[in-house]
Amino acid sequence: MKFIYFLNNKLLQPYLNTFSGLSKEVWWLSLITLINRAGTMVIPFLSLYLNKSLDFSLSDVGMIMSAFGAGSVVGSWLGGKLTDKIGYYKVMVISLVLSGLLFIGLQFISTYYGIMLGIFLLLAVADMFRPAMFVALSAYSKPENKTRSVTLIRLAINLGFSAGPAIGGLIIATLGYGGLFWVDGITCIAAGFLLLKVLNPKTARVQDNIVSQNPKSAYKDGKYIIFLVAMVLFSIAFLQYFSTMPLYYKDVHVLSEFKIGLLMGMNGLLIAVFEMPLVKWLESPKYTKTGLVAFGAVLTLISFIVLNVTTWVGVLVIGMLFMTIGEMIAFPFSNAFALKRAKQGNQGEYMALYSMAFAIAHIFGHNSGMHMVELVGFTNTWYIVSLVMVVCIAILLMLKRKMRFQKIEE
């Protein structure tokens, strides 16, 4: 009985309390994101699919992944523009349904230029969703709950991501890669129809309707642009875990697709369990958002350095743990920083730029990573990526100092 009391009152109840106060619309948006993300199990295996199944060289894979990033840039920009013009609701529905159809169609393309064009169009449509979703999240959240609302969305993403790669690896082992595209497409379309049902503007309740009388252009916000440069560098390094890293697991440590899926799924599972309590604990006036993002970047830096310390296969788990904790800290507070800056201007434009920072990283991160692996090998690639993270950390610390000196609220 004492153990049950301890489990309920000391562990379970405090954990559940971290979710209190969030609106039902945020919960619905999180469920839609969970359904959508659980289906995107093609993405972690995309580099393997292109290299092992379609027999493209690593350089070709890098160029195709650059098209992935270019489509993401266009989609993020277009999503922001459309959100400011027609509203986040319509943009989210269009993005989910059309990207589902494109996912299903992509499996029938096998030529180099066809795949490049298909992935570009897919990401251009799919990533319209991101800026619209961020603006919706801001509207459905009370000001004091925005960081935790972002964290709940990330929890949904990572619950889906923890299940997706593990299931994806199993599907590859039994049905091949083709089955993944069908699952991706169907779940995207299902998420779109659920959004139509539960988040209709006539019934959804807006918590924070922000209207700026003299909206500021995000492109003229110097500190925001500096912050985004740091996030591009962070994302270039982070994305190696979804392009070059699966190849490293397979080629250097000889892991099967199923084991790769389990290792990557561990990342999502840990985030799902620990990120919300961690974020609530770190939500304190004594910590600045830029300082927390910098700390998350330091942990991510360590995740790459440890890979070159030993050839022991267990180091893969250690590296994944450091990256996961760094991600749990960096992304929610970088997102909260962007949402706060967006209050003073065109929200769609601000959140589009935030999404575009990650999209730009897709253009350079995957391609440069693949080329570096071919030219200098995995070990030197991890050293170069570590140097990129050092520059990122330096920029964030400089921005933190500048904002504190000018007494600008973060």
Side-chain angles (χ1 to χ4, degrees), residues 43-48 50-52 57-59 61-62 65-66 69 161 165 169 229-271 293-331 358 361-397:
I43 303 305
F45 294 102
L46 190 56
S47 59
L48 285 173
L50 295 170
N51 181 236
K52 307 299 181 184
S57 68
L58 291 184
S59 295
V61 172
M65 296 303 278
S66 290
F161 187 68
V229 169
M231 294 314 299
V232 168
L233 295 176
F234 183 97
S235 301
I236 285 173
F238 175 76
L239 287 173
Q240 302 310 311
Y241 272 89
F242 303 94
S243 54
T244 53
M245 197 65 74
L247 294 171
Y248 176 69
Y249 292 157
K250 189 170 186 66
D251 294 347
V252 176
H253 290 276
V254 201
L255 298 186
S256 67
E257 279 89 349
F258 181 63
K259 289 180 179 177
I260 293 170
L262 289 177
L263 184 58
M264 298 180 75
M266 180 191 78
N267 164 264
L269 184 61
L270 288 173
I271 289 172
V293 176
F295 181 58
V298 169
L299 295 175
T300 306
L301 165 64
I302 295 171
S303 80
F304 287 101
I305 292 174
V306 297
L307 296 176
N308 288 339
V309 172
T310 176
T311 58
W312 174 52
V313 71
V315 78
L316 302 181
V317 176
I318 295 171
M320 184 63 79
L321 283 172
F322 272 108
M323 186 278 285
T324 300
I325 299 170
E327 179 189 356
M328 284 195 288
I329 297 171
F331 283 128
F358 298 96
H362 275 289
I363 295 177
F364 298 104
H366 301 297
N367 197 2
S368 61
M370 294 296 177
H371 279 84
M372 283 190 293
V373 168
E374 275 198 328
L375 292 173
V376 299
F378 286 106
T379 299
N380 289 322
T381 296
W382 304 150
Y383 283 131
I384 295 169
V385 171
S386 297
L387 183 60
V388 170
M389 287 303 302
V390 169
V391 176
C392 165
I393 293 162
I395 293 172
L396 287 167
L397 292 177

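This one's a predicted model, so the numbers in the text were calculated from it and none came from an experiment. Reckoned from all heavy atoms, side chains included, excluding hydrogens, waters and symmetry mates.
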If you apply the rule side chain to side chain contact (heavy atoms under 4.5 Å, CB included), what do you find for T300 with M389, and how did you get there? CA-CA 8 Å; T300 306; M389 287 303 302; 4.1 Å; yes
Please report the shortest heavy-atom distance between S386 and L301, naming the atom on each side. O-CD1, 3.3 Å
Could you state the interatomic distance from CG (N308) to CH2 (W382), rounded to the nearest 0.5 Å? 8.5 Å
For the SG atom of C392 and the CZ atom of F238, what is their distance to the nearest 0.5 Å? 12.5 Å
In this structure, CD1 of I329 is separated from CG of L299 (nearest 0.5 Å) by 5.5 Å
Could you give the distance from CE (M323) to CE (M245), rounded to the nearest 0.5 Å? 7.5 Å
Could you go through the side chain to side chain contact (heavy atoms under 4.5 Å, CB included) check for V313 and H253 one step at a time? CA-CA 7 Å; V313 71; H253 290 276; 4.0 Å; yes
Nearest heavy-atom neighbours spanning I395 and A230: CG2-CB, 3.8 Å
Y249 ring center near F378 ring center (under 6.0 Å): no
Heavy-atom nearest pair, I393 first then A297, reads CG1-CB, 3.6 Å
With a 6.0 Å cut-off (strictly less than), is the heavy-atom count around NZ of K259, excluding the residue itself, greater than 12? no
CG of N267 to OG1 of T324: how many Å apart, nearest 0.5 Å? 3.5 Å
Might you work through the side chain to side chain contact (heavy atoms under 4.5 Å, CB included) test for M372 and I384, ending with a clear yes or no? CA-CA 9 Å; M372 283 190 293; I384 295 169; 3.5 Å; yes
Considering non-hydrogen atoms only, spot the tightest contact between G296 and A330 and give its length. CA-CB, 4.2 Å
With rounding to the nearest 0.5 Å, note down the distance linking CG in L262 to CG in L255. 10.0 Å
Using side-chain heavy atoms (C-beta onward) and a distance below 4.5 Å, is V373 in contact with L247? no
Y248 vs L316, test: side chain to side chain contact (heavy atoms under 4.5 Å, CB included). Steps then yes/no. CA-CA 10 Å; Y248 176 69; L316 302 181; 3.7 Å; yes
pair L270-I325: side-chain heavy atoms closer than 4.5 Å: no
For M370, does its backbone N or O pair with a side-chain atom of E374 as donor and acceptor, under 3.5 Å? no
For Y241, all residues meeting ring-ring contact (aromatic ring centres under 6.0 Å, His included), sequence neighbours excluded: F304
